[in-house]
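Naming convention: chains lettered A, B, ... in sequence-line order (proteins, then strands); numbering from 1 in each chain. Any value given below was found using the heavy atoms of this structure, including those in side chains, with hydrogens, waters and symmetry copies removed.
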Amino acid sequence: MSPRETTEYDPAAVESKWQAHWAERHTNEPDLDRPARPYYNLMMFPYPSAEGLHVGNMFAFTGADIYGRFQRLQGYAVFEPIGYDAFGIHSENYAITIGTHPAKLIPKNIAAFRNQLHRLGGMFDWRHELATTDPKYYKWTQWLFLQLYKAGLAYKKRAAVNWCPKDKTVLANEQVIDGRCERCGTPVEQRFLEQWFFAITKHAQRLLDNLDRLDWSDSTRTLQRNWIGRSEGAELTFETPAGQKITVFTTRPDTVFGATYLVLAPEHPLVETLTAREQQTAVRGYQREAQSKDVVTRRVGGGDTTKTGVFLGSYVRNPATGESIPIWIADYVLMEYGTGAIMAVPAHDERDHEFATKFNLPIQPVVKGHKGGALPFVADDGVLVNSGAFDGLSCAEARNKIVAWLAERGAARARVQFRLHDWCISRQRYWGPPIPIIYCEACGVVPVPEKDLPVILPLIEDFRPDDSGVSPLARHQEWYFVKCPQCGAQARRETDVSDTFLDSAWYFLRYPSTEFDDRPFDPARTKTWLPVTTYIGGNEHAVLHLLYSRFTTMVLKDLGHVSFEEPFPKLRAHGIIVKDGAKMSKSRGNVVVPDAYINQWGADTFRMYLMFLGPFQEGGDFRDEGITGIRRFLEKVWVLVHEVTSASGDLPKVVVSKLHQTIKKVGADLESLQYNTAIAAMMEYVNVVRSAGCTDRRAVEPLVLMLAPFAPHLVEECWELLGHKTTVFDAGWPKHDDALAAMGDVEIVVQVNGRVRGRLSVTRGVSQQDVETRAFADESVKKFLEGKAPKKVVYVQDRLLNVVV
RNA sequence: GCCGAAGUGGUGGAACUGGUAGACGCGCUGGCUUCAGGAGCCAGUGGGUGCAAGCCCGUGUGGGUUCGAGUCCCACCUUCGGCACCA
């Protein structure tokens with residue numbers, strides 16, 4: 001082969017050419033029914049905002065796509081689908097802002113996203129694109145709801161919920177950040193509404209236990225663990241003179257002798273009967289006050305918030321001491337956690353201590369031997385005092401013994417408590433899948449029969465939410481009134497739609513089966529492709545999306561619909577791209593629009609640049625200073641390919657060893673998503689090849705293969721220039737040979753007392769004897785030995801020799 | 001307050017199970033080329049000192065372990081992320 005004339009590298013031409021080829025030749029469409037080695041490479045699907053894909057999305061998708069392409073090169077049939085998480089308050093609010101309808105807005109946004117995703121050059125199987133707003137999709141979201149309902153895991157209850165007065169909707173606990181709505185920042189209020197819940201807490205222990213056997217990063221698992229929040233403790237029962245029982249939850253039953261008063265949440269159902277007549281006015285006033293407080297004032301502030309509370313005017317008997325102690329209500333006790341009542345141990349709990357100090361309640365220490373002095377000390381490593389027969393026991397010992405002792409008298413039982421709450425899925429909004437439930441006077445709550453699914457979200461003009469706490473759908477009588485599926489009488493529909501997180505809690509099951517209209521996921525396809533081989537996404541979803549998806553999969557397993565209970569055995573979280581140290585957002589005005597970069601530099605350069613910015617799993621600050629470095633590198637590869645010569649003679653040793661080292665390193669880096677160092681390694685290799693003046697095909701082709709996941713368009717073009725007829729992604733990953741990688745000389749560092757005093761170039765595997773001989777002959781080494789005899793010599797093969805004198 | 005991650009040149013970042021700190025890139029400096037600008041190519045680029053070979057210092061701070069510490073241990077400081085009156 002003779003060197004060919006180098007044409008100019010024109011990314012736009014190359015990229016559109018290969019994108020067209022991939023589509024025509026079905027390059028990215030694996031055989032879903034009979035794949036040789038199936039590999040489900042999943043990335044978290046985007047919410048199609050009106051702003052289009054931003055740099056952060058592109059960063060995430062590029063990193064995930066590189067991973068998929070690498071697996072493809074290793075011979076897997078890689079299924080890499082993409083879709084749109086298109087329902088939700090985001091879209092609805094934006095539509096309201098710009099005066100349009102979400103049903104008009106979303107298709108436009110999706111079209112723009114699709115276009116951008118094409119340009120980025122992802123290995124997407126476009127046959128299986130999906131949108132959660134498609135009735136063919138949300139039919140099965142509703143089906144999923146029905147399965148949970150039938151299994152007794154979906155229930156309705158009147159509950160205190162987080163209400164956003166601006167978005168006019170209920171929020172899940174997870175959507176409340178610092179007491180504020182995660183979207184608009186408005187302080188969240190408490191409201192009491194009938195809501196649909198999923199009983200995720202029933203599976204709390206399982207969700208926690210399974211974490212141990214998932215191949216996830218520790219940090220992600222820790223986030224989930226903390227969110228689930230398991231506490232071991234006991235329920236203790238306190239009795240009033242009238243025989244009324246109050247149960248509290250505590251993690252420190254060993255301190256029960258120090259419980260000098262009881263506190264109930266203001267909403268606690270027993271408050272009414274426990275209130276003495278003379279305290280009624282004060283108590284009712286306090287209850288009203290607590291209820292009207294928004295969640296910010298009630299919850300945020302931790303220790304800073306001044307404690308408030310009211311004495312009920314009545315007493316209970318401490319089951320351990322037999323003493324009579326007062327009962328109070330205070331809003332620092334939450335009705336949702338434990339039993340909504342606590343025993344207060346002011347000597348050993350900060351909050352109780354603050355409260356007791358303020359209201360002059362007795363403080364009784366029952367633990368000593370702790371470090372540090374002042375009350376309250378939260379000592380669980382000391383020994384008990386003032387605790388009757390239990391004095392002198394360690395806290396840990398006392399815990400079990402006291403519970404056992406009280407249990408004999410029916411005043412205690414061990415109990416595990418979770419911080420996790422049931423998942424509230426109701427939304428009093430328009431832009432979501434209607435919850436498939438019908439209310440009939442005669443039959444009560446009637447699930448919509450599966451044959452009647454989907455319950456189509458009607459196209460209505462006045463979709464704006466109002467203050468009523470009722471979905472806008474309720475205003476549409478023709479939709480609202482419906483015949484009862486059981487008795488045929490006039491009935492009415494549930495008007496709430498479901499949480500967006502329900503849409504995304506099963507989409508990975510749908511992708512391989514998008515063409516089936518009569519089933520949510522085809523059993524054979526599901527068996528072949530699931531669970532997901534590798535899931536790549538942002539750590540911002542470490543709790544919500546990932547926990548909900550695990551829960552729904554667990555339920556589907558129990559119901560016999562799938563054969564596995566963990567959908568994502570292997571998860572990799574990428575970092576977030578920020579701009580000027582802050583998350584990109586329209587309001588901050590720091591959104592980086594990637595299209596201009598793709599226009600100027602091409603998708604391949606941009607993809608690689610994003611990956612070269614820093615470690616993929618850490619993310620970082622976006623800047624564009626270094627992009628020319630990547631472009632220069634790709635130009636060098638382009639030139640190398642054009643100047644390539646046929647294989648002849650032996651390759652230079654430096655090239656051979658560097659080549660095999662590079663193949664090994666790039667492969668290992670790709671497997672662990674360390675793309676920045678993989679790119680650096682390829683750059684080093686190109687520098688070696690160029691300075692060796694090597695143009696041999698055997699030096700160039702493996703480089704092109706390694707580069708393929710990063711710069712797929714350019715590489716396809718190069719591969720064709722090199723005379724190949726099929727896609728480079730069927731060519732296979734190059735093999736490395738450790739023996740060849742070890743070819744050539746190594747430099748050994750000679751140290752005297754740990755300081756570098758000389759370097760020796762030796763052949764690999766040289767003996768210590770030879771190195772010592774040469775080292776001791778070295779002038780600068782000799783100088784530092786000062787004629788003294790070595791006390792000790794440390795030798796590390798092929799690395800260093802350290803002489804200690 | 002609790003949990004987690006991280007602090008390395010002018011800059012983004014490298015550094016395997018403790019073994020040459022600063023790979024790779026950007027930027028900068030000098031040179032070549034060019035009418036010029038740009039691009040390209042070559043060389044240099046942690047700080048100090050020296051004509052030079054070299055020497056000294058250097059990975060947030062202070063200790064420690066070790067022949068040897070960015071890496072391990074102890075105590076701090078700072079930044080970022082998550083949770084937050086969860087009993």
Side-chain angles (χ1 to χ4, degrees), chain A residues 177-179 217-227 229-231 233 248-252 255 259 263 298-305 307 330-334 336-345 348-352 354-355 378 417-421 539-540 542-543 575-576 578 581 583 609 612-615 618-630 632-633 635 665 668 674 676-687 747-759 779-780 783 790-805:
Chain A
I177 312 289
D178 287 339
S217 77
D218 288 338
S219 64
T220 308
R221 288 190 295 183
T222 303
L223 283 171
Q224 289 224 345
R225 246 179 231 121
N226 292 347
W227 192 264
R230 184 182 197 272
S231 292
V248 303
F249 174 71
T250 178
T251 54
R252 295 295 306 277
T255 62
V263 189
R298 175 147 177 194
R299 280 202 190 164
V300 175
D304 304 339
T305 310
K307 300 269 183 297
D331 66 5
Y332 79 92
V333 175
L334 309 172
E336 314 91 75
Y337 188 77
T339 60
I342 61 154
M343 63 174 202
V345 185
H348 304 295
D349 182 281
E350 275 182 69
R351 297 153 300 184
D352 298 344
E354 189 194 330
F355 192 82
V378 189
Q417 173 70 37
F418 294 94
R419 211 185 63 98
L420 183 71
H421 290 82
N539 228 349
E540 72 270 25
V543 179
I576 305 290
V578 295
K583 210 170 168 178
Y609 179 62
F612 196 55
L613 220 46
E618 285 169 35
D621 211 302
F622 183 80
R623 72 211 119 80
D624 54 16
E625 282 92 23
I627 197 163
T628 57
I630 294 292
R632 282 178 196 151
F633 169 72
E635 298 266 7
K665 173 152 180 65
Q674 288 166 298
N676 55 333
T677 51
I679 293 168
M682 288 188 283
M683 287 174 166
E684 280 187 61
Y685 177 65
V686 166
N687 291 344
E747 195 175 61
I748 288 192
V749 169
V750 182
Q751 297 180 329
V752 179
N753 290 335
R755 313 188 69 133
V756 182
R757 300 302 181 187
R759 288 158 216 275
E779 281 306 320
S780 57
K783 191 170 97 192
K791 274 191 220 152
K792 184 175 181 182
V793 176
V794 181
Y795 180 65
V796 182
Q797 184 71 51
D798 294 338
R799 278 199 179 270
L800 67 74
L801 182 80
N802 187 12
V803 183
V804 187
V805 291

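Looking at heavy-atom distances under 4.0 Å, Asn802(A) makes contact with a base. Here Glu618(A) lies out of heavy-atom contact (under 4.0 Å) with every strand. When heavy atoms are screened at a 4.0 angstrom cut-off, Gln417(A) is found touching no nucleic acid atom at all. Using a 4.0 Å heavy-atom criterion, one finds that Leu800(A) contacts the bases of the nucleic acid, with or without backbone contacts as well. Looking at heavy-atom distances under 4.0 Å, Val749(A) makes contact with a base. Among the heavy atoms of the strands, none lies under 4.0 Å from Arg230(A). Residue Asn687(A) is in sugar-phosphate contact alone, with no base atom involved, counting any heavy-atom pair closer than 4.0 Å across all strands shown.
One can place CD of Glu747(A) at 7 Å from C1' of U20(B), the figure rounded to the nearest angstrom. Between the CG atom of Asp621(A) and the C1' atom of C26(B) there is a distance of 15 Å, given to the nearest Å. C55(B) atom C1' lies 9 Å from atom CZ of Arg755(A), rounded to whole Å. Put simply, CZ on Arg225(A) is 15 Å from P on C3(B), counting in whole angstrom units. A straight line from CZ of Phe418(A) to C1' of C83(B) spans 17 Å, rounded to a whole angstrom. The interatomic distance linking Lys791(A) (NZ) with U66(B) (P) rounds to 13 Å, in whole Å. For the pair Lys792(A) NZ and C67(B) C1', the computed distance is 5 Å after rounding to whole Å. In this entry the distance linking CD of Gln797(A) with P of G19(B) reads 16 Å, nearest Å.
The separation of C56(B) from C2(B), taken at their P atoms, amounts to 44 Å, rounded to a whole angstrom. Nucleotides C26(B) and G19(B) place their C1' atoms 30 Å apart, quoted to the nearest Å. Taking the C1' atoms as reference points, C72(B) lies 8 Å from U65(B), given to the whole Å. U59(B) and A69(B): their C1' atoms are spaced 11 Å apart (whole Å). Look at the C1' atom in both U17(B) and C24(B): the space between them is 24 Å, to the nearest Å. Here, G81(B) and G64(B) have their C1' atoms 31 Å apart, quoted to the whole Å. Taking the C1' atom of each, A53(B) and G9(B) are spaced 25 Å apart, rounded to whole Å. Here, G25(B) and U79(B) have their P atoms 35 Å apart, quoted to the whole Å.
Atom CD of Gln417(A) is separated from atom CZ of Arg230(A) by 11.0 Å, given to the nearest 0.5 angstrom. Note that CD of Glu618(A) is 9.5 Å distant from CD of Gln674(A), once rounded to the nearest 0.5 Å.
G50(B) takes the anti form, because its glycosidic angle lies more than 90° either side of 0.
Across Leu223(A) and Val543(A), no two heavy atoms sit closer than the pair O-CG2, 4.1 Å. Listed here is the closest heavy atom pair of Gly754(A) and Asn802(A): N-OD1, 3.0 Å. The heavy-atom pair separating Val248(A) from Ile342(A) by the smallest distance is CG1-C, 3.5 Å.
Gln224(A) contributes a side-chain N or O that, together with a main-chain N or O of Ala542(A), makes up a donor-acceptor pair within less than 3.5 Å.
Of the nucleotides present, C42(B) is the one that pairs with G30(B) by Watson-Crick or G-U wobble criteria, both distances under 3.5 Å. U11(B) and G25(B) make up a base pair, with Watson-Crick or G-U wobble contacts both under 3.5 Å. In this entry A75(B) has U61(B) as its Watson-Crick or G-U wobble partner, both defining distances falling under 3.5 Å. Using N1 to N3 plus N6-O4 or O6-N4 for Watson-Crick, or N1-O2 and O6-N3 for G-U wobble, each under 3.5 Å, C67(B) pairs with G19(B). As the counterpart of C80(B), G4(B) is assigned, both hydrogen-bonding distances of the Watson-Crick or G-U wobble pattern falling under 3.5 Å. Nucleotide U49(B) is matched to G54(B) when pairs are restricted to Watson-Crick or G-U wobble geometry with both distances under 3.5 angstrom. Pairing for C35(B) is absent, judged as Watson-Crick or G-U wobble with the two contacts each under 3.5 Å.
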task = Give the C-alpha distance, both sets of side-chain angles, the deciding distance and a yes or no for side chain to side chain contact (heavy atoms under 4.5 Å, CB included) between Met683(A) and Ile630(A).
result = CA-CA 9 Å; Met683(A) 287 174 166; Ile630(A) 294 292; 3.8 Å; yes

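Here A23(B) is the nucleotide among A87(B), A23(B), A84(B) with the atom lying nearest to any side-chain atom of Glu684(A). Among the nucleotides G4(B), C85(B), C26(B), the one closest to any side-chain atom of Glu625(A) is C26(B). Candidate nucleotides A87(B), C67(B), G13(B) were compared by shortest atom distance to the side chain of Asn676(A), and G13(B) ranks first. With C67(B), C16(B), A87(B) as the candidates, the nucleotide lying closest to the side chain of Val804(A) is C67(B). In this structure, of A23(B), U20(B), A87(B), it is A87(B) that holds the atom nearest to the side chain of Ser231(A).
Positionally, the nearest nucleotide of RNA chain B for Arg632(A) lies more toward the 5' end than for the other of Arg757(A) and Arg632(A). Each of Ile342(A) and Arg623(A) was assigned the nucleotide of RNA chain B with the nearest heavy atom; the assignment lying further toward the 5' end belongs to Arg623(A).
Judged by the 6.0 Å and 45° rule, Lys307(A) forms no cation-pi pair with Phe355(A).
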